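Predicted model only: the values in this text are computed from it and were never measured. All chains are named by letter (A, B, ...) in the order of the sequence lines, taking the proteins before the strands, and each is independently numbered beginning at 1.
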Amino acid sequence: MNAIRKLIKPSPFFLWVGFLGIIIAMGAVAGVIVFTKGLVVTNLNDLVPWGLWITIDLSSIAMSAGAFLLCAAVYLLGLKRFQPLARTATFIGLIGYSMAVLTLLLDIGRPDRFWHAVVYWNPHSVLWEVTMCVTLYLCVLLLESAPILGHADWFAQRWPGIARRLQSIHHYAPYLAVVGLGLSMLHQSSLGATYGVIKARPIWYRPDLSVLFMVSAMAGGPSLTVLVSMLAARLSPRIRVDDDLLERVTNFVGWVLVGYLYFRFWDAFSMTYTYDPGRTEGLAFLTRGQLAFNFWIGEILFGAVIPIILLLNSRTRRQPLVRMFALALVVGGVVAYRWDTNISGLLMQLSYLPQELTTLYTTYFPSLIEILAGAGVVAYGALAVTLGIRYLNIVKHPSVEEEAVVVVEPATAAAD
Amino acid sequence: MADNAINRRDFLKIAAVGAASYTGLSLARKASASGPKGSSPHSWAMVIDQSKCTGCGYCTLACRAHNDVPPEISWNRVIETGKVGDKPVYLSRPCMHCENAPCVEVCMVKASYQRPDGIVMMDYDRCIGCRYCEVACPYGGRAFNWETFTGPNPAVPTWGQPEVPRRPRGVVEKCSFCYQRIDRGLAMGLTPGVDEEATPACVVACQVGARMFGDLNDENSNVSLALKNRPYFQLRADLGTKPRVYYLSPKEEVKA
């Protein structure tokens, strides 16, 4: 009877999980097609070898930046009251990096050889460094997230021994925060350098790309952490969040965006003076060509200017819906930046013909398989975070928990 | 309080280790990955004479047959680049085998590497198919195997017989200066660039003698002499890649 009623009137949670499940299933089918038929099912080609998937990969790593930032704030700067947010960010980070690994497995031609990067080293390759850092940082995130599982009631009741061991990993949180900070600062910026060191593509070839990737990740990562926390508190009656903490992080995001816009302005402005073949054209392509809408509206207006106004003005920042809207814009702006950076250098190429440095323009739109597989990865991330909120209490702010019923939080105790 | 003191000390220790390893890493990165390692008596180069090239495309077809390249991939492309007078000018573009090869520098698994004799090689068993080399190559010299090449090669047997195994799906491939012909030829005591058996297939196939191949270390080789006697240029020399493929300019024919 209950089951029938549930089927007739399912809970919003059930509907959401079901919706994500369907997208994941479609993504899995698309993934199987990619693995069996090869990358010929994508719209990628030798001129545009990187597309939608690399954007998802770059974006999910950027969105995971909240983990290292908040862990550094809590365990290295001693801002202990942000510990609950660091917990949320760490879990989101773990899921974000696993999304990146999934997308990379789809994207490389020989996923069976993914381990080659760990065995055959070319330390001169920025992408090698990124791969090593991502691999190591994924281990750090696993360790940092282990206490979250150890503290989950259902887990601790069933396996108290394992739970205690997992909880004890929290003792090493400061060390993990140091390692995480180092690894993240290396590869978040190296992802920008992956593009920035390519001399063949003048629109990319500039040292600022690494800085811009780092700074934009510092805005996007905490934004997603706060956004997820606020959404969880709105959608679940049992979750309460400390709005003061969230507001402070949001204020930080606003100032990071100011810094980002400052770097971005000088980066773009100085490019107009170089007259390097391909660079002037590249900038025109970005600001007046195919990507103009993405650039001016997606990246600059919605991605930076409007959020700066909404997040640095205390009156708008304190309104939860406005704040959530602004944070969502920041996330969208960072994704747009990743997309534009990748695609601007690929759609616009310099010819190698002598005395004829003409610029060739091509087009790219992802195939249905690419879109489905990409959506599947994103839906997996959303599902994992949803389940984490529900079953692992990743959004839990003890300072505002009213029901003082067994708030077992040795996490804060150990941090003292 | 005591707890705190230990933590701080340990923290400093870890910070020191972190700083040391970072320094180590940055030192390691200073060592350039590109540039030939080891020594070889040879330094291979190709010279393409644009004044002779008629754009027939025999080079591309011979390359496809000898290297078993699928029809949708060209290791050697022939492009019409303009006109000198009424005569169209063609540019034939194999891999440049750059001395400062961007593909070698960016490859994260060293699947792209340089032989001591200057040939930029691909290790097809090691390539993971990330396509970073394709993105980094200024010459569009690389092609990815988007699907498995099955069935007969239309260039075989008219243009020759395959001498190397087909590449699997999911790896990047490119011109190898027909290293298999060079190596086998040298073992047989032949001279690459002189004896056809030891010379890249595209050079052998050229009907108008627009291509030369040889050893830059030998100052009497045809390539050394050609570069000594005529003005030449390299593609995108401004990038500093130092290509091993040299072009002789198409001359305006002077009527006597």
Would you mind telling me which of [options] has the largest number of heavy-atom pairs within less than 4.5 Å of chain B?
options	answer
T131(A), L104(A), N45(A)	N45(A)
V197(A), L181(A), T194(A)	T194(A)
V40(A), D46(A), L346(A), T42(A)	D46(A)
V119(A), D112(A), L44(A)	L44(A)

Centroid separation Y175(A) to Y75(A) less than 6.0 Å: no

Using atom types as modelled, flag every donor-acceptor pair under 3.5 Å from a side chain in residues 120-127 of chain B to any protein atom, sequence neighbours excluded.
from    : atom 1 : to      : atom 2 : distance (Å)
D123(B) : OD1    : D125(B) : N      : 3.0
D123(B) : OD1    : R126(B) : N      : 3.4
R126(B) : NH1    : V109(B) : O      : 3.0

Heavy-atom closest pair, residues A30(A) and A373(A): CB-N, 3.7 Å

Interchain contact, L91(B) with chain A, by part (heavy-atom threshold 4.5 Å):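 For L91(B), side-chain heavy atoms alone lie under 4.5 Å from chain A.
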
Under 4.5 Å from a heavy atom of chain A, the part of I79(B) involved: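 Side chain of I79(B) only, per the 4.5 Å heavy-atom cut-off to chain A.
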
Proximity breakdown for I108(A) and chain B, heavy-atom pairs closer than 4.5 Å: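 Both parts, backbone and side chain.
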
Largest heavy-atom contact set with chain A, pairs under 4.5 Å, which of C130(B), G240(B), G170(B): G170(B)

Heavy-atom pairs under 4.5 Å with chain A, option from E134(B), R131(B), Q234(B) with the top count: R131(B)

Pairs touching residues 182-202 of chain A that satisfy ring-ring contact (aromatic ring centres under 6.0 Å, His included), sequence neighbours left out: W50(A)-Y195(A), Y97(A)-H187(A), Y137(A)-H187(A), Y195(A)-W204(A)

Side chains of P243(B) and T241(B) in contact at under 4.5 Å (non-hydrogen atoms): yes

F144(B) and W146(B) aromatic ring geometry - parallel, tilted or perpendicular at 30°/60° bounds: perpendicular

The single option from R167(B), R166(B), R142(B) passing salt bridge (Lys or Arg N to Asp or Glu O under 4.0 Å) against E173(B):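 The passing option is R167(B).
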
